[in-house]
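Sharing a structure here in C-alpha cells format.
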Amino acid sequence: MDVYLETPRLVLRRFTAADVELLVELDSDIEVMRYLTGKPTPRVEIEARILGILTTSERHAQLGTFAAHEQASGRFIGWFGLQPTAQDDVTDLGYRLHRSGWGRGYASEGSRGLIAKAFTELGIRRVEAQTMAVNTKSRRVMEKAGLRFERVYHEHFDDPLPGTEHGEVEYGIDRDTWQQVSR
C-alpha cells in the first residue's frame with residue numbers, strides 16, 4: 001500500500017486502477033452526491049476519473065486524490081484530496097465520505113492532516129476549499145479543519161441543484177495564519 005498520510009484514525013493512500021468498485025459504491029449513494037450532482041455517478045465516468053486521478057498523481061507527485069481507510073478496521077470510508085490549482089503554491093482541498101463515516105470527525109481529521117502536510121512538507125502557501133452555501137455540514141468541516149470563510153460567489157449551472165440560488169462559498173487559510181493558530 002502506497003501510504004500518503006496517516007492520522008490517529010485514518011490511513012490515506014494512493015488510488016489504483018483496481019479501486020473502481022470502491023468509488024462506484026461511494027458515488028452510488030444519492031445522499032453522498034446531494035450537493036455535488038444530486039445523482040449517482042455512472043460507472044463509465046468513475047472509470048475515466050480513476051485514470052484522471054492516476055494521471056494527476058503522476059504529474060503532481062505530491063498532490064492528488066487519496067483513498068481513506070479506517071486505521072483500526074482497514075475499511076474504505078471515502079477519499080480526500082489536495083488538487084493543484086492555477087497557482088503552484090495554492091491547492092484545493094476536497095473530501096467525500098461514505099455516510100457510515102459522517103458525524104465521526106473523520107472529515108475534519110483527514111482535512112487537518114492534509115492541511116498540515118501541505119504547509120509543513122509540500123511548500124504550499126495556501127489551501128482553499130469550496131462547497132454550496134447550503135451545505136452546512138461541509139462548511140462546518142472546513143471550519144473545524146482551520147479554514148476560514150472568505151466569500152460567497154455565484155456560478156451558472158445548466159441543471160442547478162436545489163440551493164444553488166444561495167451560491168457557493170469559499171474557505172481558505174494561508175501558511176502564515178495556519179502557523180500562528182497551530183502553536
Side-chain angles (χ1 to χ4, degrees), residues 1-36 41 46 49-50 52-58 60-85 90-124 126-132 135-148 171-175 177-179 181-183:
M1 181 185 321
D2 185 7
V3 174
Y4 180 77
L5 176 71
E6 290 187 47
T7 69
R9 299 180 301 155
L10 301 174
V11 175
L12 276 59
R13 65 164 177 85
R14 297 257 179 218
F15 273 104
T16 70
D19 290 324
V20 170
E21 291 304 323
L22 297 175
L23 291 172
V24 167
E25 182 184 342
L26 178 65
D27 282 16
S28 293
D29 187 331
I30 291 176
E31 277 303 302
V32 169
M33 302 304 292
R34 179 178 179 189
Y35 297 109
L36 300 165
T41 307
I46 291 170
R49 186 182 328 137
I50 277 286
I53 288 170
L54 297 175
T55 303
T56 299
S57 67
E58 289 171 8
H60 301 279
Q62 297 302 315
L63 302 178
T65 304
F66 308 97
H69 297 266
E70 288 179 328
Q71 285 241 22
S73 69
R75 183 174 61 97
F76 175 74
I77 61 158
W79 60 258
F80 290 86
L82 285 176
Q83 298 300 326
T85 67
V90 178
T91 190
D92 189 59
L93 172 72
Y95 42 83
R96 186 174 307 165
L97 301 181
H98 277 287
R99 271 196 276 175
S100 63
W102 293 1
R104 301 181 65 188
Y106 288 151
S108 300
E109 181 177 324
S111 296
R112 280 191 304 269
L114 282 179
I115 291 167
K117 184 175 182 89
F119 291 144
T120 62
E121 297 177 29
L122 306 181
I124 300 296
R126 177 175 167 72
V127 175
E128 301 172 339
Q130 302 81 31
T131 191
M132 290 180 70
N135 189 348
T136 56
K137 290 180 181 175
S138 189
R139 293 179 72 170
R140 184 67 184 129
V141 166
M142 293 174 191
E143 292 165 358
K144 285 180 162 184
L147 301 177
R148 297 173 178 195
Y171 284 72
I173 192 166
D174 61 59
R175 182 177 39 234
T177 303
W178 178 82
Q179 288 172 329
V181 298
S182 295
R183 291 182 186 159

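Quick caveat: nothing in here was measured; it's all calculated off a predicted structure.
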Practice task
Look at the side chain of E109 and the backbone N and O of R9, then say whether any donor-acceptor pair between them is shorter than 3.5 Å.
Solution key: yes
Handout entry: Contact check, side chains of R104 and I77, non-hydrogen atoms, under 4.5 Å
Key = no
Practice task
Indicate the ring-plane relationship of Y4 and F66, choosing parallel, tilted or perpendicular according to the 30° and 60° boundaries.
Solution key: parallel
Problem - Donor-acceptor under 3.5 Å (R175 side chain, I124 main chain) - result: yes
Handout entry: Separation between CD of E143 and OG1 of T136, rounded to the nearest 0.5 Å
Key = 10.0 Å
Exercise for the section: To the nearest 0.5 Å, tell me how far R139 CZ sits from T131 OG1. Expected result: 8.5 Å
Exercise for the section: Begin with the C-alpha distance, continue with both residues' side-chain angles, and end with the deciding distance and a verdict on side chain to side chain contact (heavy atoms under 4.5 Å, CB included) for Q62 and T91. Expected result: CA-CA 11 Å; Q62 297 302 315; T91 190; over 6 Å; no
Practice task
Taking atom types as modelled, find out whether T7 and Y106 have a side-chain donor-acceptor pair closer than 3.5 angstrom.
Solution key: no
Exercise for the section: Calculate, to the nearest 0.5 Å, the distance between atoms CG and NE2 belonging to L10 and H69 respectively. Expected result: 10.5 Å
Problem - Mutual orientation of the aromatic rings belonging to Y95 and F80 [parallel < 30°, tilted 30-60°, perpendicular > 60°] - result: tilted
Exercise for the section: Please name the pair of heavy atoms, one in S100 and one in R75, separated by the smallest distance, quoted to 0.1 Å. Expected result: OG-NH1, 2.7 Å
Problem - Contact check, side chains of L23 and W79, non-hydrogen atoms, under 4.5 Å - result: yes
Practice task
For P8 and Q71, work out which heavy atoms get closest and say how close.
Solution key: O-CG, 4.1 Å
Handout entry: Polar side-chain atom of W178 near backbone of A116 as donor-acceptor pair, under 3.5 Å
Key = no
Handout entry: A145: side chain to side chain contact (heavy atoms under 4.5 Å, CB included) partners, not counting sequence neighbours
Key = S111, R112, I115
Problem - Closest non-hydrogen atom pair between L93 and A129, with its separation - result: O-CB, 3.6 Å
Problem - Residue pair T65 / R49, side-chain donor-acceptor N/O under 3.5 Å - result: no
Exercise for the section: Would you confirm whether D29, through its side chain, and L26, through its main-chain N or O, come within 3.5 Å as a donor-acceptor pair? Expected result: no
Practice task
Side-chain contact test, heavy atoms from C-beta onward, threshold under 4.5 Å: evaluate it for E31 versus W102 and give yes or no.
Solution key: yes
Handout entry: Donor-acceptor under 3.5 Å (D174 side chain, T177 main chain)
Key = yes
Completion exercise
One should read off an interatomic distance between E25 CD and I46 CD1, to the nearest 0.5 angstrom, of 10.5 Å
Practice task
Could you check K117 against L12 for side chain to side chain contact (heavy atoms under 4.5 Å, CB included), going step by step and ending with a plain yes or no?
Solution key: CA-CA 12 Å; K117 184 175 182 89; L12 276 59; over 6 Å; no
Problem - From NZ (K137) to CZ (R34), nearest 0.5 Å - result: 8.0 Å
Handout entry: Donor-acceptor contact below 3.5 Å, side chain T85 vs main chain V90
Key = yes
Practice task
Specify the closest pair of heavy atoms between H98 and G78, including all atoms of both residues, with the distance to one decimal.
Solution key: CD2-N, 4.3 Å
Exercise for the section: Quick one: closest heavy-atom pair of V127 and L147, and the distance? Expected result: O-CD2, 3.9 Å
Fill in the blank from the handout: The residue among L5, L122, D92 that forms side chain to side chain contact (heavy atoms under 4.5 Å, CB included) with L82 is L122
Fill in the blank from the handout: Closest non-hydrogen contact found for T16 with R13 is N-NH1, 4.2 Å
